[in-house]
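So the structure is just underneath, and the comments pick up after that.
Numbering of residues begins at 1 and proceeds along the displayed sequence.
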Amino acid sequence: LGRYLRNIDRDLNDFIAALKAMARSEEPEALRDNLGRITCPVTLLAGEAPHSGALTSAEIDILAAGLPYFEIKSVPGAGHFIFEEQPGVVVEAITDLGHREGRLTCAR
């Protein structure tokens, strides 16, 4: 966490204002309505450790129904911050998607 907050002391008020603005923001369109437009493969890495903000099974079902190429991989020993807790798993998932990219077409 220290690296994320390293320079906030330069202007704490701006940092807090940015966080408040993000909390108030609303998406102009529902993600669910646009999932079918995503034609690239999507891999959801889900940490197995209990953590706040974890997707519910209903949310995962929405992704699975709406995304043409969707898979979910459970990550033991990780919660919300998989990229910090199990970075090798993230690299492996990206590498795997890169290899599959040649077999799947993605709209750009």
Is there a donor-acceptor contact under 3.5 Å from the side chain of Glu59 to the main chain of Thr56? yes

My understanding is that only residues two or more places apart in sequence, or in another chain, count here; which of them pass side-chain contact (heavy atoms from CB on, under 4.5 Å) with Ser52? none

Could you pull out the closest heavy-atom pair between Gly36 and Pro68, with the gap in Å? O-CG, 4.4 Å

Under the side-chain contact (heavy atoms from CB on, under 4.5 Å) test, residues paired with Leu31 that sit two or more places apart: Leu35

So which pairs with a foot in residues 23-36 pass side chain to side chain donor-acceptor pair (under 3.5 Å), sequence neighbours left out? Glu29-Asn34, Asn34-Arg37

For the residue pair Gln86 and Pro76, what are the closest heavy atoms and their distance? NE2-O, 3.6 Å

Derivation of the side-chain contact (heavy atoms from CB on, under 4.5 Å) call for Val75 and Glu48: CA-CA 6 Å; Val75 181; Glu48 289 182 355; 5.8 Å; no

Check side-chain contact (heavy atoms from CB on, under 4.5 Å) between Ile60 and all other residues, then give those that pass, not counting sequence neighbours. Leu44, Leu55, Phe70, Ile72

Taking side chain to side chain donor-acceptor pair (under 3.5 Å) as the definition, give me every residue that meets it alongside Glu92, ordered by chain and number, with sequence neighbours left out. none

Are side-chain heavy atoms of Lys20 and Met22 found at a separation under 4.5 Å? no

Please report the closest heavy-atom contact between Glu85 and His80, naming both atoms and the distance. OE1-N, 4.0 Å

Could you pull out all residues at least two apart from Val90 that satisfy side-chain contact (heavy atoms from CB on, under 4.5 Å)? Leu45, Ile82, Phe83, Ile94

